[in-house]
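First the structure, in the form of structure tokens, and then the observations on it.
If you're wondering where the values come from, they're calculated on a predicted model, not measured in any experiment. Side chains are part of it too, since the values below use all heavy atoms of this structure and drop only hydrogens, waters and symmetry mates. Proteins come first, then strands; the chains are lettered A, B, ... in the order of their sequence lines, and each starts at number 1.
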Amino acid sequence: MIPIVWSMIAGACFAVGVMHLGASAKQPRQRASLAFSALTVSVMFLAIFELLLMHAREPAEYGAIQRWMQVPVFTAVVSTVAFVRAYFGTGREWLAWLVCGLRFAALVLNFVMSPNIEYSTITSLQRIEIFGEEASAAIGDANPWVAVGEASSFLLLAFIADASIAYWRRGDAVSRRRAAVVGGSLAFTVAVAAINAILMHAGVIHSIYFSSLAFAVVLVAFASELSADVARAGWLAGHLVEVESELRLSEKRMEQAAEAAAIATWEWDVVRDEVWVNARGRELFGIAPDVRIDFNGFLAALHPADRAAATVAVARSRAEGGAFEREYRVVLPGGRTRWINTRGGVDFDSRGNSVLLRGVSFDITARKEAEERFRLVVEAAANGLIMLDASGRISLVNARAESLFGFTREELVGRPIGDLIPEFHEHGLQGQWPRKLSAHETLGRRKDGSEIALEAGLEDLETSEGVGMLVSVVDVSERKRRDALLKRERAFLRQVIDIDPNLIFAKDRLGRFTLANQAVADVYGTTVEGLIGKTDSDFNDNADEVEGFRRDDLEVMDTRRELFIAEEHITDASGRHRVLQTVKRPILGEGGMASQVLGVSTDISARKQAEMQLVRQRDELAHLTRVTMVAELSGSLAHELNQPLAAILANAQAALAFMDEPHASFAEIRAILEDIVEDDKRAGQVIQGLRLLLKKGEMLREPLDLNAVVQDVLRLVRSDLLHAGVRLKTQLARGLPILDGDRVQLQQVVLNLIVNGCDAMAAEDAAERELVVSTAAVDGWVNISVADRGPGITPDRVEQIFEPFFTTKSDGLGMGLAICRNIVTAHGGRLWAVNNATRGTTFRFTLPVTRSLP
Amino acid sequence: MSVRAPAVCVVDDDPSVRRAMERLLRAAGFEVRTYAGAEEYLDAHDPAVPGCLVLDLTMPGVSGLQLQQALLARGEVPAIVFVSGHADAGASAEALRAGAVDFLTKPVDAAHLLAAVREAIDRDRAWRDLAGKPL
């Protein structure tokens, strides 16, 4: 019975070992199979040695067999370790080495010691009964070094348990089953064998070695595993068929879909250098349907500029594997360029060589062109555009950004934006910047380290790699510089207008100052800043003046015409009245409307005062000359007064005489009294005229009839003319226009000219002494001329005679004609002298009829 | 002896003065003739009529002094009382040298004028008497 069982076990082990050895050649887990084969063979030998041991007759024979049995024990242990490691893929390496090491040490000790490592001496053999048969068992002293082998066995047990538990923990049902069945059976075998041996050596029991018998459990376990694997393989084979047919179906569908989606599919057999491509692909690459394509043929279809890059990309894909994606241009027959996107993968053979590249390609021309157009737009943008990735590094820039910062595109890409715009370093990408590209002033740093003033706008940009940002920058250095320049110019102009003593100002329609210079501020006792936005009424209490300013301002803005104000008055902060001469001009705004008025006023107070002084002096002088003239005329004037006085006296005395007569005639007396009244009036007129002439005072304007003025004078000088023996002729035009003037001063002029005329003729024959006084109206002017028949004036003196202190008379002041010209000029007229064609001189003056009163 | 009554001839360009003189002299009982100027007087002049002249010194056209000279030039010996608007020493002296009876300044008091006129008439009469008697 025993020989049969042990032989069967050995046979079974051999059969299983050979089977696994064959399987190891083609199965993926070849190492595990190899190790298992080694294990079964070891167990086969072990079974043989165990059988021999049971039949040993001599202690020496028993010891020798036992010594040689250590060899299959060793190989069984090592192959078990190897199998567990290979089959489970778990198990601690150090433990494995320790187990094997101890078992090897035991093997070495076994062959060094006598008879073997288990017994130091075998005194005798005893026959024991096992399963009803006799078997040999050793009696002797156990070798203490057997502990080395035993330690190895226990460690092996621990190793198997540990590896099984680790395998168990991987979780899936197959793993757990395997861990339980394979690990459990191995552990069982090792445990039974080891414990049996220990008890035998210790002499506790007398038994035989039955490790191989225990191994039967392992064989059974493996048989069940194997059958499970076989069943699984059968299912897999069926499934494979199913999958393959599905795959073919899906390939067909894929092909149809690719065709419909205008996608080219292709394969490149690297080994044969042949490219297979579907019909759509040939069309896409512009390659005729029946042409064989190799890699060079494919390259030839590409745009020359893209060939090198494509070659490099293919080489890299073949070297590194994995999926690849490229975009390149194809030049079609006819020269048109098409953009193509290609993506695919690489297949490798068992030696790691790439054998097949396959993939799909499709037309992206439209997208590329759109991108190109977009790129051109971005490139051409006047702003520098910088795109940042989520970490704030530059991913894209346009040409303007390059030139702005002085970096090339290659230098910029990948650089943190903070290098260009330091504010990003300070505040980070999500700093307190406004978004939506609204302008934000900051400083930029150029490559050469110089700073530029920038206006930057930010916009968050969501991309596939996270939230990036678009930065738009404009160089505002030039604008800043211009602003600064403008500011300086403004300040300069400010100084210019402030240094101007004239009042310069601008006001809006509401009368508010929008501009004023220091002179205006001085007048109103405030500052330039204090004036802006205020009105005249805020500083000037004189309502009439303020109202006048306002009226003029509005007139200028409404009529949009410049206004010259020869004289206007303003009360300054100290209450002093100033006289201004002002020009106001409208400032035209949009649509030609005048929204403001610009004014410049000159303070003419001093000039005005000087003028007044001059007028006063002129009046004084005129008066003085009148007095002088009257003094010259005194004889004539006395005559003129004495005439009526003489008549009055005579009349009165005649009346008295008549009344003494008895029959006095009342009619007579009445006539006498009437004459007296007349003569009295006459005397009164002379005195009145004289009084007026001698009156001292300012120029007084009143409406005048020039003929009346002339007649008044003639009345005064009548007797003088008589006395001088001068005939007077008058040619007074009828209906002379009335004009404004000073009666006394104009009388003075006429009187002066008449007296001069008489004087000029004093030396002439009485027959020649004729003076012609005439008046005429000519085109808005009134002319008065006084013509004498004297010797005339030498031409070089025609103007000289009007100069002050020029005189030909021994008793004259020489002021007469100068004063006359002065008076006429003050009336807006002109006085001059011409020599007559025949004889003498004509003095003529003209006065304007209409004349605005200052 | 002359039978004709003496006449006082007043020559003055001022009508008012002329009229006043005439009234005054008439009131004093003289026969008065008035003339607006020397030319008018000369036109109406009758050397045979006795009397005197009351002559204004300053007149347009022929002046008082010129009239005096004109009469002297005719060989007459006029009895003239000059009346002037203003005291003119030169004219006064010239008039008196040429035989004027008096040189009065306006306004003239009636007493002075009448006295002068009477003297002038007296002189004229005396002259005429002398002239009428054969030497």
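Using a 4.5 Å cut-off between heavy atoms, A:E678 makes no contact with chain B at all. Contacts between B:D109 and chain A at a heavy-atom distance below 4.5 Å involve backbone atoms as well as side-chain atoms. Proximity to chain B is limited to the side chain of A:R682, based on heavy atoms less than 4.5 angstrom apart. With a 4.5 angstrom heavy-atom cutoff, A:A671 touches chain B via backbone and side-chain atoms both. Only the side chain of A:L649 comes within less than 4.5 Å of a heavy atom of chain B; its backbone N, CA, C and O stay farther away.
No option in A:V786, A:I823, A:V750 other than A:V750 meets the side-chain contact (heavy atoms from CB on, under 4.5 Å) test with A:F845.
Remark: the B:S16 side chain and the A:D675 side chain contain no N/O donor-acceptor pair separated by less than 3.5 Å. Remark: the A:T842 side chain and the A:S785 side chain contain no N/O donor-acceptor pair separated by less than 3.5 Å.
Looking at A:N836, its side chain does come within 3.5 Å of a backbone N or O of A:R839 through a donor-acceptor pair.
Chain B forms the most heavy-atom pairs under 4.5 Å with one residue out of A:N642, A:L645, A:I648, and that residue is A:N642. Ranked by heavy-atom pairs under 4.5 Å with chain B, the first of A:L728, A:D660, A:V726, A:D679 is A:D679. The candidate with the highest count of non-hydrogen atom pairs below 4.5 Å against chain A, out of B:A91, B:A27, B:A111, is B:A27.
In this structure, A:E768 pairs ionically with A:R789, as a charged nitrogen and a carboxylate oxygen lie closer than 4.0 Å.
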**Request:** Using the salt bridge (Lys or Arg N to Asp or Glu O under 4.0 Å) rule, take B:R33 and B:E31 through it: C-alpha gap first, then chi angles, then the decisive distance, then the call.
**Result:** CA-CA 7 Å; B:R33 296 177 190 177; B:E31 187 190 333; 3.5 Å; yes
